[in-house]
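Not measured: the values here are computed from a predicted model. Index from 1, following the sequence.
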Amino acid sequence: KAVQGEAEFLFYSEEMNQRAKEHLRIESELRSALHNNELLLYYQPKVSLRSGRIVGAEALLRWKHPVRGMVSPGVFIPVAEETGLILELGNWVLEEACRQVRAWQDENLIMTPIAVNLSARQFDARLPERMADVMQRHGVLPEQLMLEITESLLVGGADNVISIMNELVAMGLALALDDFGTGYSSLAYLKKFPISTLKIDRSFVIGLPYEENDCAIARAIVTMAQQLRQEIVAEGVETAEQMSFLRELGCDQLQGYFFSPPVPPDDFAHMLREGKRL
Ligand code: C2E
Ligand code: CA
Ligand code: CA
Ligand code: CA
């Protein structure tokens with residue numbers, strides 16, 4: 001027994017060692033990625049279920065690694081969060097999104113808000129000032145942006161989170177709550193926060209319309225969001241059946257492979273020009 005335990009211990013520590021090394025590698029490569037133009041933003045359209053038109057997009061970070069090819073944010077965002085590198089990364093994203101919005105506006109293309117994901121670590125007292133600064137430098141209006149935040153930010157719930165949110169909203173920026181339903185916040189709780197949009201997490205969309213539990217959850221979220229007068233976006237919509245179900249529920253927008261995956265900026269601009277519809 002004792003010997004076996006020891007072997008297990010060795011095994012685990014070797015695995016942890018590997019993971020730590022991998023972590024360090026990603027961290028140092030990510031640092032250089034920031035300075036070597038290896039990062040880019042893809043855009044995934046959000047489509048109105050009423051009009052069938054593109055009414056916005058979410059900017060999603062991509063890392064084009066010189067050797068490994070496209071690295072998924074699922075791999076490097078958690079490392080960036082842990083090391084604090086997410087602050088630099090987040091600033092790069094804001095800068096790039098504003099630059100792009102401005103470039104599209106100059107081509108008379110943009111009318112939709114572009115949503116940017118914010119890590120909880122970016123949510124400090126200086127955020128409103130940083131937002132004002134980046135928007136001003138690029139000549140971008142607050143209506144042209146949207147900020148996606150996650151429930152962990154609300155649940156951690158310091159008072160200053162609400163006041164920072166209020167400041168952002170007073171500046172004209174809209175806040176969307178991402179991955180809704182996966183965290184611990186209830187809708188009653190939500191009333192406290194100045195959030196204009198809820199995004200139903202993909203994990204509840206997957207089972208629609210066949211899984212009874214997912215249907216019940218989606219229905220409950222939509223019903224309550226309507227009471228709170230929040231816009232509701234379903235993410236990860238992949239099938240026509242999911243779309244129909246969500247439309248009947250009264251969901252406002254959908255986002256997902258059914259309409260389009262996240263695409264490079266030129267492809268998104270192309271969809272806008274063509275007036276691609278659902
Ligand atoms: P998220 O914010 O929930 O973004 C949605 C994710 O679902 C994206 O993955 C998107 O490509 C994927 N997705 C969209 N439609 C479908 C669909 O129909 N089916 C399936 N299976 N997946 C779909 P992605 O781009 O890999 O991003 C993963 C996560 O990384 C994001 O989840 C977000 O939490 C984080 N992330 C991405 N970009 C940023 C960023 O700029 N800043 C921060 N802080 N986090 C980011
Ligand atoms: Ca998001
Ligand atoms: Ca999401
Ligand atoms: Ca999600």
Side-chain angles (χ1 to χ4, degrees), residues 23 26-27 30-31 33-34 39 41-42 44 58-63 71-98 113-135 142 145-204 221 225 228 230-233 235-236 255 262:
H23 222 87
I26 295 176
E27 182 187 356
L30 199 49
R31 230 174 259 285
L34 263 164
L39 298 177
L41 292 179
Y42 272 26
Q44 185 175 38
E58 176 174 5
L60 292 155
L61 193 53
R62 294 292 179 266
W63 178 8
V71 183
S72 154
V75 173
F76 66 85
I77 296 273
V79 176
E81 296 258 8
E82 238 172 83
T83 58
L85 211 52
I86 193 70
L87 294 176
E88 263 180 87
L89 225 56
N91 284 336
W92 182 88
V93 169
L94 286 170
E95 206 68 45
E96 173 59 15
C98 286
I114 297 294
V116 171
N117 289 286
L118 282 190
S119 145
R121 292 184 72 150
Q122 289 173 270
F123 222 85
D124 65 26
R126 293 203 314 274
L127 180 63
E129 194 186 308
R130 252 195 329 266
M131 291 302 309
D133 172 61
V134 69
M135 291 190 300
L145 294 177
M146 177 147 207
L147 302 175
E148 294 195 5
I149 58 174
T150 52
E151 278 173 272
S152 60
L153 194 62
L154 314 188
V155 177
D159 271 357
N160 73 328
V161 167
I162 298 193
S163 68
I164 296 167
M165 285 184 182
N166 284 332
E167 253 184 273
L168 294 167
V169 170
M171 289 165 57
L173 285 159
L175 301 176
L177 190 57
D178 207 354
D179 301 336
F180 187 73
T182 58
Y184 301 97
S185 56
S186 66
L187 273 132
Y189 192 84
L190 270 187
K191 275 197 304 196
K192 296 200 297 190
F193 300 93
I195 286 161
S196 58
T197 304
L198 286 188
K199 297 187 76 178
I200 306 181
D201 191 62
R202 185 169 75 87
S203 59
F204 305 116
I221 294 176
L228 296 177
Q230 284 161 336
E231 287 256 290
I232 184 121
V233 181
E235 64 176 27
Q255 190 184 341

Derivation of the side chain to side chain contact (heavy atoms under 4.5 Å, CB included) call for Leu153 and Leu177 | CA-CA 10 Å; Leu153 194 62; Leu177 190 57; over 6 Å; no

Donor-acceptor contact below 3.5 Å, side chain [X] vs main chain [Y]:
X      : Y      : answer
Arg62  : Leu39  : no
Asn166 : Val169 : no
Glu148 : Leu118 : no
Gln122 : Ser119 : yes

Over all atoms of both residues, closest heavy-atom pair of [X] and [Y]:
X      : Y      : value
Ala59  : Ile114 : CB-CG2, 4.1 Å
Leu175 : Pro194 : CD1-O, 3.8 Å
Met146 : Ser196 : CE-OG, 4.2 Å

Chi angles and distances behind the side chain to side chain contact (heavy atoms under 4.5 Å, CB included) call for Asn91, Arg130 = CA-CA 9 Å; Asn91 284 336; Arg130 252 195 329 266; 3.4 Å; yes

Glu95 CD: over 12 foreign heavy atoms closer than 6.0 Å = yes

Return yes when atom CZ of Arg126 has more than 12 non-hydrogen atoms of other residues, nucleotides or ligands closer than 6.0 Å, and no otherwise.
-> no

If you define the side chain from C-beta out and look only at heavy atoms, does anything of [X] sit under 4.5 Å from [Y]?
X      : Y      : answer
Ile200 : Val233 : no
Trp63  : Leu34  : no
Leu145 : Cys98  : yes
Ile149 : Asp178 : no
Leu154 : Leu190 : yes
Leu85  : Glu88  : yes

Interatomic spacing from [atom1] in [X] to [atom2] in [Y] - rounded to 0.5 Å:
X      : Y      : atom1 : atom2 : value
Arg121 : Leu89  : CZ    : CG    : 12.0 Å
Leu127 : Met165 : CG    : CE    : 10.5 Å
Leu147 : Asn117 : CG    : CG    : 9.5 Å
Glu151 : Asp179 : CD    : CG    : 8.0 Å
Leu168 : Phe123 : CG    : CZ    : 5.0 Å
Asp201 : Ile221 : CG    : CD1   : 8.5 Å

Apply side chain to side chain contact (heavy atoms under 4.5 Å, CB included) to Leu87 and Trp92, showing your working.
-> CA-CA 9 Å; Leu87 294 176; Trp92 182 88; over 6 Å; no

Partner of Leu61 under side chain to side chain contact (heavy atoms under 4.5 Å, CB included), picked from Leu41, Val116, Val71, is Leu41

After noting the C-alpha distance and the side-chain angles of Lys199 and Phe180, does the key distance pass the side chain to side chain contact (heavy atoms under 4.5 Å, CB included) rule?
-> CA-CA 6 Å; Lys199 297 187 76 178; Phe180 187 73; 5.7 Å; no

What pairs with Gln44 under side-chain hydrogen bond (donor to acceptor under 3.5 Å, both in side chains), at least two apart in sequence or on another chain?
-> Gln255

